[in-house]
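A short write-up of the structure that comes next.
Labels below follow one simple rule: chain letters A, B, ... track the order of the sequence lines, proteins then strands, and each chain is numbered from 1.
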There are 2 protein chains.
Amino acid sequence: MPLPERLFFVDTTLREGEQFASARFTTAQRIAIAEMLDAFGVEYIEMTSPAASPQSARDLATIARRGLRARILTHIRCHMADARLAVEHGAQGANLLFATSEPLRTVSHGRSLSEILEEARQVITFLRDHDLEVRFSSEDSFRTDLADLIRIYRAVEEMGVQRIGLADTVGIATPRQVYDVVSAVRAEVKCDIEFHGHNDSGCAIANTFCAAEAGATHLDVTVLGIGERNGIASLSGMIARLASVDPARVQRYRLDLLPKIDETVATMLGIEIPFNQCITSPTAFHHKAGMHTKAVLADPRSYEVLDPNLFGRQRTIAVAHRLVGWHAVA
Amino acid sequence: MPLPERLFFVDTTLREGEQFASARFTTAQRIAIAEMLDAFGVEYIEMTSPAASPQSARDLATIARRGLRARILTHIRCHMADARLAVEHGAQGANLLFATSEPLRTVSHGRSLSEILEEARQVITFLRDHDLEVRFSSEDSFRTDLADLIRIYRAVEEMGVQRIGLADTVGIATPRQVYDVVSAVRAEVKCDIEFHGHNDSGCAIANTFCAAEAGATHLDVTVLGIGERNGIASLSGMIARLASVDPARVQRYRLDLLPKIDETVATMLGIEIPFNQCITSPTAFHHKAGMHTKAVLADPRSYEVLDPNLFGRQRTIAVAHRLVGWHAVA
Ligand SMILES: O=C(O)CCC(=O)C(=O)O
Ligand SMILES: O=C(O)CCC(=O)C(=O)O
Ligand SMILES: [Cu+2]
Ligand SMILES: [Cu+2]
């Protein structure tokens, strides 16, 4: 199945990313991050709920007023109080979240699906009346019964949401499972579909990609992949994944800004860019084994699926180390 | 499809990992790494070719003589000269590699498939005569024509290899493609199947897992996922992935040694354990968002797919930061 015609990034560095252990962004840093992401071309920027703290509320209003091309969303609970704050602080859209899996429902709200949907109707109607773009997401979708998921999504679609969201909150989903579940949901609703995938089992990027293959239109990412625990899909990872499959898909983004974006946020957090990061890792385009260096010198395509120059990077080639002897004897 | 009954790790930290930019292991470090991996319980340890350098040859002989439970493989070109060195230095198995994709064949050896197979027959026969376990892998399998792949694998199976290998050398394969290609190969050969996946598009762990779902029995990993460019599937990532799907699968390993293994190698390389690493990242079990911390205190299962105690780790919970206000208003 080809990727959907319309495909958007929802960058949630300023919400999910703020849940990363060492993230403690100042107002100035939040603005700097939003502006870099906007220059890059992400279509949506998700920000922490204005209900979280007075500073979150102020920063939402500040960034929403800034006239960026990216739409500014805020991530809120499905409560009227939060919805009012989202409207008051100028969010252009609201990403609603409700815990639907059995393990979360019990410890979190203890409510039935019918009760969830009753509350949702009020909140969605209010937000739509105020012209906000509304998404309704079911937390921990991959430990939620599929029949329940579909019942919820059909109900909220009828209430007028622009899109529904699937979240692999605990990072348990497998790539083919994501494909199957998103395909099943795709067959039941007409609205857009968002996917949010954690990396606890190392499959965040793959799962997000499989969601797109199954018809998800809105892909959650953060800079570097920061988030709760060991994070979610990274922006550079998803760019690498899409670029290697369908280069035309990523042409509308300012790809050359990626290294700067990753470096800036890594510096803010006091961490290194992980060596395993796609595209922006210091070693992402470093060729070392003798057989590889020889071939890459002859034709970079031999051992490179992405052209570093597209991303403002350059390949480096190890010229003398202990492994080089291999091609010397070739 | 359930995972194969028999599933093995081929740890290639001492071969693929040595192709990582900053890797320059001493003999003592190689021994330390092999012993840690053996204590953990990986079934195979792959080492750099004895043809690479005199030190690689000596270290192969040293580690092969050490009486580890893990079988010691060496990774060699499909040449008689390399095969003789493998035997002379006491390797218990040889992982043969031959470039089969069009982009690699042209820059690498320029030979036809028939010529490849003629050379392979001589090498495989020689190695089998010396009781080595033999694997034949086609480099860059996912840019190789599937019909060619199958022709090669059937031919080398007939020549007596114990297993064939698929390698996503440039990190281009997608999870569902890996599943499909490995399934197609699984249907054509009876021998074991190894998979080796690079991370250029962020899918190394997912692809390796999908290969296992399709019937691959031998999974290539390195400590931390180090390797050429941005690496391959990490041992801790594959453990997390398998443990979250089928906890019984990983019970035979000394899981509590994982943090120490990752730390030791990171220190040798002068890098941090990446925050996005499964299980061993400093933040892998850190819960920060208010909604999460509250729930995790009530029931860890709410936001944890793996029990940190199984891996000699402990969860940490952020008690006071700006996001905590959220559950205060819940
Ligand atoms: O709102 C969503 O879809 C995702 C929320 C979240 O961060 C999660 O469930 O992991
Ligand atoms: O021998 C193999 O299967 C893998 C060799 C390798 O490192 C690669 O192709 O990336
Ligand atoms: Cu999340
Ligand atoms: Cu490799």
Side-chain angles (χ1 to χ4, degrees), chain A residues 18-19 21 48-49 51-53 55 103-104 107-108 170-172 174-176 179 199-203 205-206 209-210 213 225 228-231 237 240-241 244-245 271-272 274-278 281 283-289 292 295 298-299 301-306 322-323 325-326 329, chain B residues 18-19 21 48-49 51-53 55 103-104 107-108 170-172 174-176 179 199-203 205-206 209-210 213 225 228-231 237 240-241 244-245 271-272 274-278 281 283-289 292 295 298-299 301-306 322-323 325-326 329:
Chain A
E18 298 200 342
Q19 296 173 212
T48 296
S49 170
S53 75
Q55 199 199 327
L104 284 191
V107 297
S108 152
V170 297
I172 196 177
T174 66
R176 294 170 57 249
Y179 184 82
N199 200 40
D200 301 75
S201 313
C203 293
I205 294 169
F209 178 71
C210 284
E213 286 190 303
E228 279 284 343
R229 307 183 308 281
N230 76 333
R241 181 65 286 178
S244 74
V245 167
I271 62 172
E272 295 167 357
F275 77 85
N276 59 12
Q277 194 79 16
C278 299
S281 147
T283 61
F285 299 101
H286 184 72
H287 303 277
K288 181 168 170 190
H292 291 210
D299 177 2
R301 203 171 61 100
S302 58
Y303 286 100
E304 256 172 23
V305 54
L306 300 172
R322 288 182 297 177
L323 300 182
W326 219 16
V329 296
Chain B
E18 298 200 342
Q19 298 175 211
T48 297
S49 170
S53 77
Q55 199 199 327
L104 284 191
V107 298
S108 154
V170 296
I172 195 176
T174 65
R176 294 169 58 248
Y179 184 83
N199 200 39
D200 302 75
S201 313
C203 292
I205 295 168
F209 178 72
C210 285
E213 285 189 304
E228 280 282 344
R229 306 184 308 281
N230 76 332
R241 180 67 284 179
S244 74
V245 167
I271 62 171
E272 295 168 357
F275 77 84
N276 57 14
Q277 194 79 16
C278 299
S281 147
T283 61
F285 299 101
H286 184 72
H287 302 275
K288 182 168 169 189
H292 291 209
D299 178 1
R301 202 172 62 99
S302 58
Y303 287 100
E304 256 172 24
V305 55
L306 301 171
R322 287 183 297 178
L323 299 181
W326 219 16
V329 297

Selection from A/L306, A/D200, A/D299, A/V245 maximising heavy-atom pairs under 4.5 Å formed with chain B: A/D200
Structural part of B/F209 lying under 4.5 Å from a heavy atom of chain A: side chain
Choice from A/G171, A/P274, A/C210 maximising heavy atom contacts with chain B below 4.5 Å: A/P274
Chi angles and distances behind the side-chain contact (heavy atoms from CB on, under 4.5 Å) call for A/H286, B/R229: CA-CA 5 Å; A/H286 184 72; B/R229 306 184 308 281; 5.8 Å; no
From CA spacing to verdict: side-chain contact (heavy atoms from CB on, under 4.5 Å), A/T174, B/R241: CA-CA 8 Å; A/T174 66; B/R241 180 67 284 179; 3.6 Å; yes
Pairwise distance OH(A/Y303) to NE2(A/H287) - rounded to 0.5 angstrom: 10.5 Å
Chain B contacts, top residue of A/S281, A/P103, A/C278 (heavy-atom pairs, under 4.5 Å): A/C278
Residue pair B/K288, B/T283: steps toward the side-chain contact (heavy atoms from CB on, under 4.5 Å) verdict: CA-CA 10 Å; B/K288 182 168 169 189; B/T283 61; over 6 Å; no
From A/I205 atom CD1 to B/C203 atom SG, the distance as rounded to the nearest 0.5 Å: 6.5 Å
For chain B, the option from A/A21, A/A295, A/S244 that forms the most heavy-atom pairs under 4.5 Å: A/A21
Interface moiety of B/E304 toward chain A, non-hydrogen atoms closer than 4.5 Å: backbone
Heavy-atom contact with chain A under 4.5 Å, split by part of B/L104: side chain
Partner of B/N276 under side chain to side chain donor-acceptor pair (under 3.5 Å), chosen from A/N230, A/N276, A/N199: A/N276
Largest heavy-atom contact set with chain B, pairs under 4.5 Å, which of A/A240, A/G237, A/S302: A/S302
